[in-house]
Amino acid sequence: MATVVMKFGGTSVGDTDKIVNIAKRIKEKKNHGDNIVVVVSAMGKTTNNLIELSKEITDKPDKRDLDMLMATGEQISISLMSMALKQLGLDSISLTGIQAGIVTTNDHTRAKINNINPENIVNHLDEDKVVVIAGFQGGSDDGSITTLGRGGSDTSAVALAASLGGSCEIYTDVNGIYGVDPRIVPSAKKLDYISYDEMMELASRGARVMETRAVELGQKYNVEILVANSHNTEAGTIIKEMEDNMETRVITGVTTLKDCLMVSVRNLPFEASHVADLFNQLSVRKISIDMISQTAPHNNLVDVSFTTTKEYTEDIIDLLENLKQELGNIEFYLNPNLAKLSVVGIGMISQHGVASDIFELLSTNGIVYYQVTTSEISISYTIKEQDVAKATKILAEHFEL
Ligand code: ASP
Ligand code: MG
């Protein structure tokens, strides 16, 4: 008998009516004869509310205590879901992460799953029960409750599917994965499938549908992941390993990340040590940077630019003011109203001319870009935030997304 892990996020279980509706959906699936494991997130904004509650007491809660608190959100969902299933005449059992055998590291609030001991789950499945498991949580070796980081119940679901040798279905409030944000391009087409690599690139560059870590895990254990709408029966999108026919599509998606900050440092003495020193100081301050470019030396001076996110603005100004004191005539400029536009497609590996097509499209449409970086399957540009919608529409039209 096949095992299916069905995961429902916070909005899908936002109130008891929704929980009852989801339970009906689970019953239909169960009637097909599969073993069903259900993973749920906390209802609606529960996790945020719990964190707010802790802030009424302290700004720096002990992380073990915070995990203990946050994990209660998912416990509400599993108990109510199990009740709803029983109301429909199904046999079910609700399990916390620890009861489900999810063993994690001890890093409270961002624990990693070390392994899953599925015996308990399997025993209940053998008794024909629907097993309802709390997402986002597990337990460390010393028996403490841990959580996996915000959005972590996707990871719980994929890890459970891997451990049970089953498939994974993630139900959310959209119909699947779109190559481009339907709020910007209303005619955007839903993808029938997408490769793990493309999904990871899209997710890490701004697409919000799925947690990157869960996709990575899916790839590692070769778990196919269906992303579908919990409110309707549209076919959804399957995330899986690339197959030959997937390459016929050159570009799979376009995504943008706002709040980029580009920093340009001019007249840095061209001795490698100064450039290295700059990046070293950035790393000491834990400022993560993204794109880097450097001009050829002129009069023994170079200009260096890099991008980061706006949250580091004050830190960067402080760092560069210090550097200016040290090195005299350097100048720096911060350009805050930028976005990173990324074009992703596995077809780029085998197709030539994609980059030049995009360069031309951007320039003929008057879209200025400041920096470019590439990976094997993506090209990213920093552009003005105000050009995001226009650039996205132009690319979507050109690549038929
Ligand atoms: N409830 C947790 C959160 O809000 C986990 C999840 O939703 O995946 O981050
Ligand atoms: Mg989520």
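For the single chain, residues carry numbers from 1 onward in sequence order. Every number for a ligand or one of its atoms is a count from 1 in the order of the listing.
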Can you find an N or O of D154 that's nearer than 3.5 Å to an N or O of ligand 1?
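In fact, backbone or side chain, D154 has no N or O that close.
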Sequence-distant partners of E211, salt bridge (Lys or Arg N to Asp or Glu O under 4.0 Å), two or more places apart
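In terms of salt bridge (Lys or Arg N to Asp or Glu O under 4.0 Å), with neighbours along the sequence ignored, E211 is linked to R213.
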Does [X] reach ligand 1, in the sense of a heavy atom lying below 4.0 Å from it?
X    : answer
E74  : yes
G151 : yes
G10  : no

Close-contact set for ligand 1 against S41 heavy atoms, below 4.0 Å:
6 (C), 7 (O), 8 (O)
Subset of ligand 1 atoms that lie under 4.0 Å from at least one heavy atom of R150
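Counting from 1, the qualifying ligand atoms are 3 (C), 4 (O), 9 (O).
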Under the side-chain contact (heavy atoms from CB on, under 4.5 Å) test, which residues partner M348, sequence neighbours left out?
I251, V343, V354, I379
Candidate pair D181 and R183, rule salt bridge (charged side-chain N to carboxylate O under 4.0 Å, His left out), full reasoning
CA-CA 5 Å; D181 189 341; R183 284 168 304 184; 2.8 Å; yes
Tell me if the centroids of the rings in Y369 and F359 come within less than 6.0 Å of each other.
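Centroid separation for Y369 and F359: below 6.0 Å.
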For residues L69 and S54, report the shortest heavy-atom separation together with the two atoms involved.
CD2-CB, 3.8 Å
